[in-house]
2 protein chains.
Amino acid sequence: MTADTRWLDEDEQRTWRAFLTAQRLLFDRLERQLQRDAGLPHAYYEILVRLSEAPDRTLRMSQLADSSLSSRSRLSHAVARLEAAGWVRRRACAEDRRGAFAELTPDGMAKLEESAPGHVEAVRADLFDALDRDQQRVLRDISDTLIAHLSDTAAWPVESDTRADAG
Amino acid sequence: MTADTRWLDEDEQRTWRAFLTAQRLLFDRLERQLQRDAGLPHAYYEILVRLSEAPDRTLRMSQLADSSLSSRSRLSHAVARLEAAGWVRRRACAEDRRGAFAELTPDGMAKLEESAPGHVEAVRADLFDALDRDQQRVLRDISDTLIAHLSDTAAWPVESDTRADAG
DNA sequence: CCTATATAGTTGAACTCTAAGCTGTTGAGA
DNA sequence: TCTCAACAGCTTAGAGTTCAACTATATAGG
(Lines give C-alpha, C1' and ligand atoms only; values in the text may rest on other atoms or scores of the structure.)
Protein backbone atom coordinates (compact mmCIF):
# COMPACT_ATOMS: atom_id res chain seq x y z
CA MET A 1 0.00 0.00 0.00
CA THR A 2 0.81 3.71 -0.08
CA ALA A 3 2.67 3.50 -3.33
CA ASP A 4 2.54 7.27 -3.37
CA THR A 5 1.92 9.12 -0.16
CA ARG A 6 -0.51 11.98 -0.43
CA TRP A 7 1.54 14.34 1.73
CA LEU A 8 -0.01 17.35 3.38
CA ASP A 9 0.70 20.65 1.72
CA GLU A 10 1.86 23.69 3.71
CA ASP A 11 -1.67 24.79 4.42
CA GLU A 12 -2.94 21.40 5.46
CA GLN A 13 0.09 20.89 7.62
CA ARG A 14 -0.68 24.09 9.50
CA THR A 15 -4.31 23.20 9.88
CA TRP A 16 -3.47 19.78 11.19
CA ARG A 17 -0.94 21.01 13.71
CA ALA A 18 -3.21 23.78 14.91
CA PHE A 19 -6.05 21.35 15.38
CA LEU A 20 -3.79 18.88 17.14
CA THR A 21 -2.48 21.53 19.49
CA ALA A 22 -5.87 23.05 20.25
CA GLN A 23 -7.40 19.69 20.86
CA ARG A 24 -4.62 18.69 23.21
CA LEU A 25 -4.62 21.90 25.17
CA LEU A 26 -8.37 21.73 25.59
CA PHE A 27 -8.75 18.11 26.55
CA ASP A 28 -5.69 17.99 28.78
CA ARG A 29 -7.20 20.86 30.64
CA LEU A 30 -10.63 19.36 31.01
CA GLU A 31 -9.08 16.09 32.04
CA ARG A 32 -7.12 17.78 34.76
CA GLN A 33 -10.05 19.83 35.94
CA LEU A 34 -12.09 16.70 36.46
CA GLN A 35 -9.26 14.79 38.04
CA ARG A 36 -8.54 17.60 40.42
CA ASP A 37 -12.09 18.56 41.38
CA ALA A 38 -13.87 15.23 41.11
CA GLY A 39 -11.05 12.71 41.29
CA LEU A 40 -12.32 11.18 38.06
CA PRO A 41 -10.90 10.75 34.58
CA HIS A 42 -13.16 12.17 31.91
CA ALA A 43 -13.93 8.69 30.60
CA TYR A 44 -15.34 7.76 34.01
CA TYR A 45 -17.33 10.94 34.26
CA GLU A 46 -18.88 10.18 30.93
CA ILE A 47 -19.92 6.74 32.11
CA LEU A 48 -21.79 8.33 34.99
CA VAL A 49 -23.42 10.79 32.60
CA ARG A 50 -24.63 8.09 30.23
CA LEU A 51 -26.02 6.02 33.05
CA SER A 52 -27.79 9.03 34.54
CA GLU A 53 -29.61 9.56 31.26
CA ALA A 54 -30.66 5.95 30.76
CA PRO A 55 -34.07 4.60 31.76
CA ASP A 56 -33.82 3.43 35.37
CA ARG A 57 -30.28 4.75 35.24
CA THR A 58 -29.36 1.32 33.98
CA LEU A 59 -27.66 0.05 30.84
CA ARG A 60 -26.23 -3.17 29.55
CA MET A 61 -22.45 -3.12 29.66
CA SER A 62 -22.19 -3.22 25.87
CA GLN A 63 -24.57 -0.34 25.35
CA LEU A 64 -22.74 1.62 27.98
CA ALA A 65 -19.45 0.89 26.25
CA ASP A 66 -20.83 2.02 22.91
CA SER A 67 -22.49 5.15 24.21
CA SER A 68 -19.46 6.24 26.17
CA LEU A 69 -17.05 5.35 23.36
CA SER A 70 -15.22 2.95 25.62
CA SER A 71 -13.74 -0.38 24.68
CA ARG A 72 -15.31 -3.33 26.47
CA SER A 73 -12.16 -3.90 28.40
CA ARG A 74 -11.80 -0.34 29.50
CA LEU A 75 -15.41 -0.31 30.63
CA SER A 76 -14.91 -3.44 32.70
CA HIS A 77 -12.02 -1.83 34.53
CA ALA A 78 -13.85 1.44 34.91
CA VAL A 79 -17.04 -0.07 36.27
CA ALA A 80 -14.98 -2.15 38.68
CA ARG A 81 -13.53 1.00 40.12
CA LEU A 82 -16.82 2.92 40.09
CA GLU A 83 -18.47 -0.01 41.81
CA ALA A 84 -15.79 -0.11 44.47
CA ALA A 85 -16.49 3.56 45.09
CA GLY A 86 -20.17 2.79 45.48
CA TRP A 87 -21.28 4.87 42.49
CA VAL A 88 -22.32 2.05 40.21
CA ARG A 89 -23.77 -1.37 40.88
CA ARG A 90 -23.64 -4.40 38.62
CA ARG A 91 -26.75 -6.53 38.21
CA ALA A 92 -27.22 -9.86 36.55
CA CYS A 93 -29.24 -10.00 33.36
CA ALA A 94 -32.06 -12.52 33.39
CA GLU A 95 -32.78 -12.69 29.64
CA ASP A 96 -29.16 -13.17 28.65
CA ARG A 97 -27.06 -14.76 31.29
CA ARG A 98 -23.84 -13.70 29.62
CA GLY A 99 -24.90 -10.15 30.08
CA ALA A 100 -24.70 -7.66 32.92
CA PHE A 101 -26.39 -4.41 33.76
CA ALA A 102 -24.67 -1.41 35.22
CA GLU A 103 -26.83 0.82 37.36
CA LEU A 104 -26.06 4.24 38.75
CA THR A 105 -26.55 4.29 42.51
CA PRO A 106 -27.98 7.28 44.42
CA ASP A 107 -24.45 7.96 45.64
CA GLY A 108 -23.29 7.90 42.04
CA MET A 109 -25.99 10.34 41.06
CA ALA A 110 -24.96 12.59 43.91
CA LYS A 111 -21.35 12.37 42.83
CA LEU A 112 -22.34 13.37 39.33
CA GLU A 113 -24.49 16.27 40.47
CA GLU A 114 -21.65 17.48 42.58
CA SER A 115 -19.10 17.21 39.77
CA ALA A 116 -21.17 18.53 36.90
CA PRO A 117 -21.17 22.27 37.63
CA GLY A 118 -17.41 22.55 37.75
CA HIS A 119 -17.00 20.54 34.61
CA VAL A 120 -19.64 22.40 32.64
CA GLU A 121 -18.16 25.67 33.74
CA ALA A 122 -14.78 24.50 32.48
CA VAL A 123 -16.22 23.48 29.12
CA ARG A 124 -17.86 26.84 28.79
CA ALA A 125 -14.85 28.82 29.89
CA ASP A 126 -12.33 26.85 27.85
CA LEU A 127 -14.35 26.26 24.70
CA PHE A 128 -17.57 28.21 24.23
CA ASP A 129 -16.36 31.49 25.66
CA ALA A 130 -13.65 31.54 23.02
CA LEU A 131 -15.86 30.93 19.99
CA ASP A 132 -18.47 33.14 18.40
CA ARG A 133 -21.84 31.81 17.25
CA ASP A 134 -20.64 31.20 13.74
CA GLN A 135 -17.62 29.26 14.84
CA GLN A 136 -19.77 27.17 17.15
CA ARG A 137 -22.13 26.39 14.31
CA VAL A 138 -19.34 25.29 12.01
CA LEU A 139 -17.64 23.32 14.75
CA ARG A 140 -20.82 21.33 15.13
CA ASP A 141 -21.09 20.93 11.39
CA ILE A 142 -17.51 19.72 11.08
CA SER A 143 -17.95 17.34 13.98
CA ASP A 144 -21.09 15.83 12.51
CA THR A 145 -19.34 15.44 9.19
CA LEU A 146 -16.42 13.70 10.84
CA ILE A 147 -18.60 11.39 12.87
CA ALA A 148 -20.45 10.30 9.74
CA HIS A 149 -17.19 9.88 7.87
CA LEU A 150 -15.47 7.87 10.57
CA SER A 151 -18.48 5.69 11.22
CA ASP A 152 -18.76 4.82 7.55
CA THR A 153 -15.11 4.16 6.98
CA ALA A 154 -13.44 0.97 8.14
CA ALA A 155 -10.97 1.63 10.88
CA TRP A 156 -8.17 0.41 8.74
CA PRO A 157 -7.66 -0.22 5.06
CA VAL A 158 -9.39 -3.42 4.03
CA GLU A 159 -7.04 -6.02 2.58
CA SER A 160 -9.07 -6.53 -0.56
CA ASP A 161 -8.75 -2.84 -1.32
CA THR A 162 -5.11 -3.28 -2.25
CA ARG A 163 -5.00 -2.44 -5.91
CA ALA A 164 -2.08 -2.30 -8.28
CA ASP A 165 -2.77 1.23 -9.45
CA ALA A 166 -2.71 4.23 -7.17
CA GLY A 167 -6.32 4.91 -8.12
CA MET B 1 -17.06 29.15 43.51
CA THR B 2 -19.65 28.54 40.79
CA ALA B 3 -22.42 30.29 42.64
CA ASP B 4 -24.47 29.94 39.47
CA THR B 5 -23.46 27.43 36.89
CA ARG B 6 -23.68 28.63 33.33
CA TRP B 7 -25.18 25.41 32.01
CA LEU B 8 -25.04 24.54 28.32
CA ASP B 9 -28.25 25.06 26.41
CA GLU B 10 -29.66 22.41 24.08
CA ASP B 11 -27.66 23.67 21.14
CA GLU B 12 -24.39 23.98 22.98
CA GLN B 13 -24.88 20.56 24.50
CA ARG B 14 -25.22 19.04 21.05
CA THR B 15 -22.21 20.89 19.75
CA TRP B 16 -20.11 19.80 22.68
CA ARG B 17 -21.09 16.17 22.42
CA ALA B 18 -20.57 16.09 18.69
CA PHE B 19 -17.14 17.62 19.06
CA LEU B 20 -16.25 15.23 21.84
CA THR B 21 -17.34 12.24 19.81
CA ALA B 22 -15.66 13.32 16.61
CA GLN B 23 -12.46 14.12 18.40
CA ARG B 24 -12.43 10.77 20.14
CA LEU B 25 -13.19 8.77 17.04
CA LEU B 26 -10.50 10.55 15.11
CA PHE B 27 -7.70 10.45 17.63
CA ASP B 28 -8.40 6.91 18.82
CA ARG B 29 -8.07 5.89 15.25
CA LEU B 30 -4.85 7.71 14.58
CA GLU B 31 -3.43 6.42 17.81
CA ARG B 32 -4.22 2.88 16.81
CA GLN B 33 -2.86 3.32 13.33
CA LEU B 34 0.49 4.43 14.68
CA GLN B 35 0.59 1.80 17.37
CA ARG B 36 -0.19 -0.90 14.89
CA ASP B 37 2.02 0.19 12.00
CA ALA B 38 4.90 1.83 13.83
CA GLY B 39 4.63 0.42 17.35
CA LEU B 40 4.61 3.96 18.68
CA PRO B 41 2.10 6.04 20.60
CA HIS B 42 1.32 9.32 18.88
CA ALA B 43 3.09 11.25 21.64
CA TYR B 44 6.31 9.40 20.85
CA TYR B 45 5.91 9.92 17.15
CA GLU B 46 5.55 13.61 17.76
CA ILE B 47 8.76 13.67 19.75
CA LEU B 48 10.60 12.18 16.79
CA VAL B 49 8.98 14.74 14.48
CA ARG B 50 10.01 17.69 16.62
CA LEU B 51 13.55 16.46 16.92
CA SER B 52 13.75 15.86 13.19
CA GLU B 53 12.88 19.50 12.57
CA ALA B 54 15.31 20.97 15.06
CA PRO B 55 18.77 22.26 14.14
CA ASP B 56 21.18 19.35 14.37
CA ARG B 57 18.13 17.26 15.20
CA THR B 58 18.81 18.20 18.78
CA LEU B 59 16.78 19.96 21.46
CA ARG B 60 17.00 20.62 25.15
CA MET B 61 14.63 18.38 27.06
CA SER B 62 12.51 21.32 28.17
CA GLN B 63 12.12 22.71 24.70
CA LEU B 64 11.26 19.29 23.44
CA ALA B 65 8.67 18.91 26.17
CA ASP B 66 7.12 22.26 25.32
CA SER B 67 7.10 21.77 21.58
CA SER B 68 5.62 18.31 21.81
CA LEU B 69 3.09 19.34 24.47
CA SER B 70 4.49 16.78 26.86
CA SER B 71 4.94 17.11 30.58
CA ARG B 72 8.55 16.92 31.73
CA SER B 73 7.91 13.63 33.40
CA ARG B 74 6.26 12.08 30.41
CA LEU B 75 9.12 13.22 28.23
CA SER B 76 11.70 11.68 30.55
CA HIS B 77 9.97 8.35 30.40
CA ALA B 78 9.42 8.62 26.67
CA VAL B 79 13.01 9.52 25.87
CA ALA B 80 14.15 6.67 28.06
CA ARG B 81 12.23 4.27 25.89
CA LEU B 82 13.22 5.93 22.63
CA GLU B 83 16.82 5.85 23.75
CA ALA B 84 16.58 2.16 24.59
CA ALA B 85 15.29 1.59 21.08
CA GLY B 86 18.27 3.48 19.69
CA TRP B 87 16.22 6.24 18.10
CA VAL B 88 17.25 9.05 20.41
CA ARG B 89 20.45 9.80 22.27
CA ARG B 90 20.89 11.94 25.36
CA ARG B 91 23.81 14.34 25.56
CA ALA B 92 25.10 16.40 28.43
CA CYS B 93 24.74 20.17 28.27
CA ALA B 94 27.94 22.11 28.84
CA GLU B 95 26.47 25.56 29.51
CA ASP B 96 23.96 24.35 32.07
CA ARG B 97 24.97 21.23 33.79
CA ARG B 98 21.45 20.55 35.03
CA GLY B 99 20.33 20.31 31.46
CA ALA B 100 20.33 17.62 28.83
CA PHE B 101 20.02 17.47 25.08
CA ALA B 102 18.03 14.91 23.19
CA GLU B 103 19.28 14.09 19.72
CA LEU B 104 17.60 12.08 17.01
CA THR B 105 19.89 9.30 15.81
CA PRO B 106 20.12 8.16 12.17
CA ASP B 107 18.15 5.09 13.18
CA GLY B 108 15.53 7.37 14.69
CA MET B 109 15.34 9.38 11.51
CA ALA B 110 14.94 6.19 9.53
CA LYS B 111 12.21 5.03 11.85
CA LEU B 112 10.40 8.32 11.35
CA GLU B 113 10.73 8.23 7.59
CA GLU B 114 9.38 4.76 7.60
CA SER B 115 6.41 5.62 9.79
CA ALA B 116 5.45 8.96 8.32
CA PRO B 117 3.74 7.90 5.08
CA GLY B 118 1.25 5.63 6.82
CA HIS B 119 0.45 8.22 9.40
CA VAL B 120 0.05 11.07 6.96
CA GLU B 121 -2.16 8.92 4.81
CA ALA B 122 -4.33 8.19 7.84
CA VAL B 123 -4.61 11.87 8.71
CA ARG B 124 -5.64 12.62 5.18
CA ALA B 125 -8.09 9.77 4.89
CA ASP B 126 -9.67 10.26 8.30
CA LEU B 127 -9.71 14.05 8.46
CA PHE B 128 -9.02 15.99 5.28
CA ASP B 129 -10.86 13.72 2.91
CA ALA B 130 -14.02 14.35 4.92
CA LEU B 131 -13.87 18.14 4.96
CA ASP B 132 -14.29 20.61 2.14
CA ARG B 133 -12.01 23.62 1.72
CA ASP B 134 -14.28 25.89 3.70
CA GLN B 135 -14.52 23.54 6.61
CA GLN B 136 -10.77 23.13 6.62
CA ARG B 137 -10.33 26.88 6.70
CA VAL B 138 -12.70 27.32 9.61
CA LEU B 139 -11.21 24.40 11.47
CA ARG B 140 -7.88 26.13 11.34
CA ASP B 141 -9.45 29.39 12.39
CA ILE B 142 -11.22 27.78 15.34
CA SER B 143 -8.05 25.97 16.36
CA ASP B 144 -6.00 29.13 16.30
CA THR B 145 -8.64 30.91 18.32
CA LEU B 146 -8.65 28.15 20.89
CA ILE B 147 -4.89 28.03 21.14
CA ALA B 148 -4.75 31.75 21.80
CA HIS B 149 -7.56 31.49 24.30
CA LEU B 150 -6.10 28.59 26.21
CA SER B 151 -2.62 30.01 26.24
CA ASP B 152 -3.88 33.28 27.69
CA THR B 153 -6.13 31.76 30.28
CA ALA B 154 -4.75 30.27 33.48
CA ALA B 155 -5.21 26.55 33.57
CA TRP B 156 -7.38 26.84 36.61
CA PRO B 157 -9.25 29.62 38.30
CA VAL B 158 -6.83 31.77 40.23
CA GLU B 159 -7.68 31.99 43.93
CA SER B 160 -7.54 35.77 44.00
CA ASP B 161 -10.07 35.88 41.22
CA THR B 162 -12.84 34.73 43.52
CA ARG B 163 -15.14 37.70 43.62
CA ALA B 164 -18.45 38.18 45.34
CA ASP B 165 -20.26 39.21 42.19
CA ALA B 166 -20.74 36.94 39.22
CA GLY B 167 -19.17 39.72 37.06
C1' DC C 1 30.46 34.03 50.80
C1' DC C 2 26.17 31.86 52.30
C1' DT C 3 21.65 30.92 52.22
C1' DA C 4 17.23 30.57 49.89
C1' DT C 5 14.75 29.81 46.06
C1' DA C 6 14.03 28.54 41.38
C1' DT C 7 15.03 25.56 37.58
C1' DA C 8 16.27 21.06 34.76
C1' DG C 9 15.48 16.77 34.73
C1' DT C 10 14.64 12.09 36.79
C1' DT C 11 12.39 8.61 39.53
C1' DG C 12 8.79 5.52 41.62
C1' DA C 13 4.15 4.49 42.76
C1' DA C 14 -0.50 4.52 41.54
C1' DC C 15 -3.60 4.51 38.04
C1' DT C 16 -5.55 3.94 33.35
C1' DC C 17 -5.49 2.02 28.93
C1' DT C 18 -4.94 -1.52 25.37
C1' DA C 19 -4.45 -6.05 23.42
C1' DA C 20 -5.01 -10.75 23.76
C1' DG C 21 -6.93 -14.44 25.58
C1' DC C 22 -10.29 -16.70 28.63
C1' DT C 23 -15.06 -18.24 30.44
C1' DG C 24 -19.52 -19.00 29.91
C1' DT C 25 -23.85 -18.31 26.97
C1' DT C 26 -26.53 -18.02 23.01
C1' DG C 27 -28.28 -19.32 18.62
C1' DA C 28 -28.07 -21.27 14.06
C1' DG C 29 -27.63 -25.21 11.37
C1' DA C 30 -26.60 -30.24 10.66
C1' DT D 1 -29.82 -33.02 19.98
C1' DC D 2 -25.15 -31.73 18.97
C1' DT D 3 -21.77 -28.73 17.27
C1' DC D 4 -19.66 -24.60 16.56
C1' DA D 5 -19.23 -19.83 15.60
C1' DA D 6 -20.53 -15.47 17.53
C1' DC D 7 -21.16 -12.85 21.50
C1' DA D 8 -20.90 -10.62 26.45
C1' DG D 9 -18.02 -9.66 29.68
C1' DC D 10 -13.89 -10.35 32.50
C1' DT D 11 -8.94 -11.04 33.38
C1' DT D 12 -4.08 -10.66 32.73
C1' DA D 13 0.04 -8.55 31.30
C1' DG D 14 2.42 -4.82 29.65
C1' DA D 15 2.90 -0.06 28.44
C1' DG D 16 1.99 5.01 29.07
C1' DT D 17 0.67 8.93 32.04
C1' DT D 18 0.48 11.52 36.13
C1' DC D 19 1.71 13.24 40.53
C1' DA D 20 4.72 14.06 44.04
C1' DA D 21 9.10 13.70 45.68
C1' DC D 22 13.93 13.93 44.82
C1' DT D 23 18.85 15.27 42.94
C1' DA D 24 21.66 18.51 41.22
C1' DT D 25 22.69 22.91 39.49
C1' DA D 26 21.93 27.81 38.92
C1' DT D 27 20.78 32.35 40.52
C1' DA D 28 19.43 36.15 43.57
C1' DG D 29 19.74 38.56 48.07
C1' DG D 30 21.88 39.72 52.17
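Sequence lines set the chain letters: A, B, ... in the order given, protein chains first and strands last, and positions in each chain run from 1. Values below: all heavy atoms of this structure, side chains included; hydrogens, waters and symmetry mates excluded.
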Rounded distance in Å - [atom1] ([X]) to [atom2] ([N]):
X	N	atom1	atom2	value
B:Arg72	D:dG16	CZ	P	21 Å
A:Glu31	C:dC17	CD	C1'	12 Å
B:Met61	C:dT7	CE	C1'	15 Å
B:Asp96	D:dT27	CG	P	7 Å
A:Arg97	D:dA8	CZ	C1'	14 Å
A:Gln35	C:dC15	CD	C1'	9 Å
B:Phe27	C:dT18	CZ	P	15 Å
B:Leu34	C:dT18	CG	P	15 Å

* Just wondering, are more than 12 heavy atoms of other shown residues or ligands nearer than 6.0 Å to CZ in A:Arg57? ->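 No.
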* Asked: Does CG in B:Asp132 sit with more than 12 non-hydrogen atoms of other residues, nucleotides or ligands closer than 6.0 Å?
  ->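 Counting neighbours around CG of B:Asp132, more than 12 heavy atoms of other residues, nucleotides or ligands fall under 6.0 Å, so yes.
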Listed nucleotide nearest any side-chain atom of [X], set [options]:
X	options	value
A:Ser73	C:dA20, C:dG24, C:dA8	C:dA20
A:Tyr44	C:dT16, D:dT25, D:dA8	C:dT16
B:Ala43	D:dT18, C:dT25, D:dT17	D:dT17
A:Arg60	D:dG16, D:dA8, C:dT16	D:dA8
A:Arg32	D:dC19, C:dA19, C:dT26	D:dC19
B:Ser71	C:dT11, D:dT18, C:dT18	D:dT18

Residues [X] and [Y] bridged, charged N to O under 4.0 Å:
X	Y	answer
A:Arg137	B:Asp11	no
A:Arg50	A:Asp66	no
A:Glu83	A:Arg89	no

* Which of residues 77-91 of chain A have a heavy atom under 4.0 Å from DNA chain D? ->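 Contacts with DNA chain D under 4.0 Å: A:His77, A:Arg90.
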* Side chains of A:Arg17 and A:Gln13: do they bring a donor and an acceptor to under 3.5 Å? ->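 Yes, A:Gln13 and A:Arg17 have a side-chain donor paired with an acceptor closer than 3.5 Å.
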* To do: Please confirm whether any donor atom in the side chain of B:Arg98 sits under 3.5 Å from an acceptor in the base of C:dT7, or the reverse.
  =>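 Indeed there is one.
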* Any idea how A:His119 and A:His42 line up, ring-wise: parallel (<30°), tilted (30 to 60°), or perpendicular (>60°)? ->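 Geometry flag for A:His42 against A:His119: tilted rings.
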* To do: Take A:Phe101 and A:Asp28, find for each the nucleotide of DNA chain D with the closest heavy atom, and name the residue whose nucleotide sits nearer the 5' end.
  =>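 It is A:Phe101, whose closest nucleotide lies nearer the 5' terminus.
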* **Phosphate-side-chain proximity, B:Arg74 and D:dT17, N/O vs OP1/OP2 below 4.0 Å** =>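 For D:dT17, OP1 or OP2 has a side-chain N or O of B:Arg74 closer than 4.0 Å.
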